[in-house]
Amino acid sequence: VLINNDFDEKNINKNVAEFNLLATYLNKQNKQTRRSEYKKIITNILATEGYFLPEIKFQRNAENKKLNIIVSLNKPSKINSINIEFQNENGIYLNKNSAKYQELIKDIPLQLNSIFKQTDWDNTKQLILNKLLQKEYYQAHLENSLADVDSENNSVNIYLFYKTGYSYRFGDLKITGLYRYNDELVNKYNQKIIQKNDIYNIRRINRFQNKLQNSPYFSSARISLDIQNSKSINNIEKNNNTDDENFAKDNIKIADVIVDIREKPAHNLSFGIGYSTNTGARLDNRYQTANFLNEALSLETNISLEQKRQT
C-alpha cells in the first residue's frame, strides 16, 4: 500500500501495516471482488482518522505481478461546529451558558478545529452520557447524534442530543431480603452515605453496596431506585446542582432506594487434615458465625489436634 500524502502522516503510518495484513484475506477472494474489497476497507479505515473520499488506484507490478494500491489523500476533515443539547422530561432545554452545561461538556475529546477522529467521536458521546448517569439523571440517554461530513470543504459538523429525564433525589431506604437480621444492621453500613433528599449519585450507591458485600453478614447486595413509585417535588432542594432554575423547575423527583440483600449462612464449620514431620498427623476444626447469640455478633474458633501437640 503506497500512500501519497502531503500532510501529517503521524496517524496514517500506523494503518499501513493494517492495510497490508488485509492482503492475506483479500487474496483469497475472487478477482472480481478483490479490488472493491480493498477500496471499501481502506476507505473505512481512513475515515476513522478524518480522511474522507480518498483516491484509490490499483497498479499491477509487471515484474513480480504484485498488486500495488496507491492511495491519494485529501486534507483531513476538521470539526467546524459542535452543537450539544440537553432536554429534560418536560421538554425544557438546558441553558448553554449555565455552569451545569459547561460542566457536562468539559474535557470532551472533540474540539473545534481539531481533526475528526472516530475514537474522539465515540468517547465524547460516552463521556457526556456517563456524567449524566453518574449523578442526578438516572434515566438519561443519547437520543440523537450526527457527524455531518462536508467532504468538499473538509469539515465536519457535530450534533448531539441528550434526554436527561427527571432529576432524582434519594428517598427512604427500603430494605428487602432480610430474615435473620434487622434493618438496623444494614443502616449501620450506610453511615450517611445515602441520605434522604440528597441528589442521586451512583458513586454513593456503589460505595454503600461494596460495604454491604464486604461485610461478614451478606453475600450480595443490589441497590437501585424505585422509579415506578417516585414522586414529584415542586421545591428546588438545596444543592440542586444547577444554576438554570427553568431547567430544574418541575423536573425533580424523589425515589426510594431499594436495598435487596442476600444473607450469608449464619454458621460455617470446616475441617482439615494434614501431616507434618515435626508433629505428625493433624486435624483442624474451624467454626465461624456472624450471628452469635442471635445478636449479629461475630465469633470464630479454631481447634487443632496433632499427634505431638494440641492447641
Side-chain angles (χ1 to χ4, degrees), residues 79 81-111 120-148 157-176 190 192-209 221-260:
I79 297 174
S81 67
I82 301 176
N83 183 16
I84 303 174
E85 295 183 318
F86 303 93
Q87 185 187 65
N88 69 13
E89 191 67 22
N90 298 315
I92 305 298
Y93 287 84
L94 181 62
N95 187 338
K96 293 185 178 182
N97 294 320
S98 66
K100 174 183 277 293
Y101 183 93
Q102 296 303 319
E103 179 61 30
L104 287 171
I105 66 170
K106 182 181 178 182
D107 298 327
I108 60 174
L110 289 178
Q111 296 293 324
D120 291 345
W121 169 240
D122 293 337
N123 291 338
T124 293
K125 291 185 289 185
Q126 193 59 51
L127 175 63
I128 295 174
L129 182 59
N130 288 344
K131 287 184 179 181
L132 290 168
L133 292 172
Q134 288 173 3
K135 190 173 183 180
E136 193 170 356
Y137 299 105
Y138 185 79
Q139 296 178 302
H141 64 276
L142 177 60
E143 181 74 10
N144 193 15
S145 64
L146 176 66
D148 187 15
N157 295 305
I158 300 297
Y159 176 67
L160 297 173
F161 176 44
Y162 293 87
K163 285 195 173 182
T164 66
Y166 288 108
S167 170
Y168 282 96
R169 303 295 184 271
F170 289 132
D172 296 318
L173 290 185
K174 299 295 183 182
I175 302 168
T176 64
N190 185 12
K192 298 183 178 181
I193 297 173
I194 293 178
Q195 291 185 284
K196 189 173 182 177
N197 294 323
D198 278 358
I199 294 172
Y200 164 79
N201 189 314
I202 189 62
R203 291 183 179 179
R204 291 191 183 187
I205 284 183
N206 289 340
R207 183 182 169 193
F208 184 24
Q209 186 169 281
R222 184 174 181 272
I223 302 177
S224 60
L225 291 189
D226 186 5
I227 298 299
Q228 247 183 345
N229 298 308
S230 60
K231 297 178 181 179
S232 297
I233 51 178
N234 294 322
N235 59 313
I236 300 176
E237 305 288 342
K238 63 179 181 178
N239 300 323
N240 59 69
N241 201 37
T242 181
D243 55 346
D244 187 349
E245 293 188 4
N246 190 45
F247 188 77
K249 184 180 179 182
D250 300 326
N251 195 59
I252 300 175
K253 279 196 169 187
I254 188 167
D256 289 337
V257 181
I258 301 175
V259 184
D260 188 17

Should the pair Asp226-Lys174 be classified as a salt bridge under the 4.0 Å nitrogen-to-oxygen rule? no

Check Lys131 against Glu103 and note the closest heavy-atom contact, atom names and distance. NZ-O, 2.8 Å

Less than 4.5 Å apart, any side-chain heavy atom of Leu110 and any of Trp121? yes

Distance alone, cut at 3.5 Å: any donor-acceptor contact between the side chains of Gln126 and Asp122? no

Go through the side-chain N and O atoms of His141 and Glu143 and say whether any donor and acceptor fall under 3.5 Å apart. yes

Ring pair (Phe, Tyr, Trp, His ring centres under 6.0 Å) partner of Phe86, chosen from Tyr101, Phe161, Phe247, Tyr93: Tyr101

Does NZ or CZ of Lys253 fall inside the cone over Tyr166's six-membered ring, less than 6.0 Å from its centre and within 45° of the axis? yes

Taking all non-hydrogen atoms of both residues, which atom of Leu129 and which atom of Leu142 are closest, and how far apart? CD1-N, 4.1 Å

When Lys192, Lys135, Arg204 are each screened for salt bridge (charged side-chain N to carboxylate O under 4.0 Å, His left out) with Asp198, the one that passes is Arg204

Would you tell me whether Asn88 and Thr164 have side-chain atoms, one donor and one acceptor, within less than 3.5 Å of each other? no

Is there side-chain contact between Tyr162 and Leu160, with heavy atoms separated by less than 4.5 Å? yes

Distance only, no hydrogens: is a donor on one side chain within 3.5 Å (strictly under) of an acceptor on the other, for Ser81 and Asn157? yes

Would you say the ring centroid of Tyr168 lies under 6.0 angstrom from that of Tyr137? no

Does Asn201 reach the side chain of Gln134, with side-chain heavy atoms less than 4.5 Å apart? no

Rounded to the nearest 0.5 Å, what's the gap from NZ on Lys231 to CG on Asp256? Could you check? 7.5 Å

